[in-house]
Amino acid sequence: MPLVIAMDGPSGSGKSSASKGVARALGLRYLDTGAMYRAMTWWMLEHGVPVEDAAAVAARAAEPVIESGTDPDAPTITVDGTDVSGPIRTREVTNAVSAVSSVPEVRARLVELQREIIGDGGIVVEGRDIGTVVAPDAPVKVYLTASEEARALRRAKDLAADPGATVTVTQAEQARRDRLDSTRKASPLTKADGAHEIDSTELSLTEVVEAIVRLAKEHE
Ligand code: C5P
């Protein structure tokens, strides 16, 4: 199977930067599955669907047309043809996404789309269930972690434009999201069999990318 690199881990572990860096270094495509769950959540909020009501979310999960680009230098995400790369990063979406992504109908739909995009491989895929559910046969699986504090600091930097997003608030919201993502019934975040765990707390981005590139080369 041409190379698929499955990158899982909690929020703020540095998955996105590392995944894009690895894709660039190896000339692979890149898929951000979290952006797809965010896009689904954005659509639900836009259409007034109560996101805590799983039956209401399930009933409309087939409606939005979600398209993801796979260029690591210019990742794109559209819903019904509208570019939502900005709106999916707001705190409103971030705080609603775990409820939406815990709905099995949402996951079934997005996993199918993700497998279509992965196709014959040649891609780095980041998310929470890539090594366990989406691509369990991926030849390289990474479980990226970092201390809670390091993760909150990274997230707060991402949200620097939002005055409400202090490190303390971000840490609490992130802890809640990680708890929901790890304890849900459908495909909870967990380390896949055969995944290499990398703790990025004390590592630079370059060091993380180099470690994963080494793992990929061992599998050539
Ligand atoms: O990676 P990111 O933080 O953008 O993911 C947003 C949310 O999407 C996660 O908190 C999780 O609820 C959901 N997600 C998921 N499965 C994936 C990727 C993301 O449930 N493969």
Side-chain angles (χ1 to χ4, degrees), residues 4-20 30-45 51-52 54 57-58 61 64 66 68 70 72 75-77 79 84-118 123-136 138 141-146 148 150-152 154-159 165 170-192 195 200:
V4 174
I5 303 182
M7 299 276 299
D8 291 304
S11 55
S13 56
K15 277 193 316 281
S16 292
S17 309
S19 300
K20 284 183 235 171
Y30 159 74
L31 178 63
D32 176 1
T33 63
M36 299 171 84
Y37 287 94
R38 288 171 177 274
M40 177 70 83
T41 304
W42 174 85
W43 186 93
M44 294 287 168
L45 293 170
V51 293
E52 299 294 335
V57 170
I66 296 173
S68 272
T70 57
T76 55
I77 178 94
V79 184
V84 291
S85 21
I88 61 168
R89 303 288 161 196
T90 58
R91 271 174 81 204
E92 194 193 5
V93 170
T94 300
N95 288 333
V97 68
S98 293
V100 172
S101 69
S102 70
V103 175
E105 287 80 358
V106 166
R107 304 203 70 81
R109 168 118 201 274
L110 294 184
V111 167
E112 191 185 342
L113 273 178
Q114 289 155 15
R115 288 189 179 143
E116 270 170 29
I117 295 169
I118 292 169
I123 191 163
V124 181
V125 188
E126 68 155 290
R128 303 291 189 290
D129 62 343
I130 310 307
T132 52
V133 174
V134 177
K141 297 183 192 180
V142 173
Y143 190 74
L144 196 61
T145 62
E148 205 172 289
R151 294 191 290 112
R154 285 179 193 152
R155 272 292 181 221
K157 273 185 204 148
D158 287 350
L159 294 171
T170 306
Q171 193 160 351
E173 289 175 351
Q174 180 174 276
R176 174 180 164 273
R177 188 151 65 97
D178 287 338
R179 181 170 42 74
L180 293 171
D181 291 345
S182 311
T183 57
R184 69 183 177 215
K185 274 211 186 88
S187 316
L189 167 66
T190 173
K191 186 178 159 189
S200 70

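Atoms within a ligand are numbered from 1 in the order they appear, just like the ligands themselves.
No side-chain N or O of Thr94 forms a donor-acceptor pair with one of Glu173 less than 3.5 Å apart.
Comment: Asp129 engages Arg107 in a salt bridge, judged by a side-chain N to carboxylate O separation of less than 4.0 angstrom. Between Asp181 and Arg128 there is a salt bridge, since at least one side-chain N of the basic residue sits less than 4.0 Å from a carboxylate O of the acidic one.
For the pair Asp178 and Glu148, the minimum side-chain heavy-atom distance is 4.5 Å or more.
Shortest non-hydrogen contact noted between Met40 and Pro64 is SD-CG, 3.6 Å.
Atom CD of Glu116 has more than 12 heavy atoms from other residues, nucleotides or ligands within 6.0 Å.
Near ligand 1, heavy-atom contacts under 4.0 Å come from Thr33, Gly34, Tyr37, Arg38, Arg89, Val97, Ser98, Ser101, Arg107, Gly127, Arg128, Asp129, Arg155, Arg177, Asp181, Arg184.
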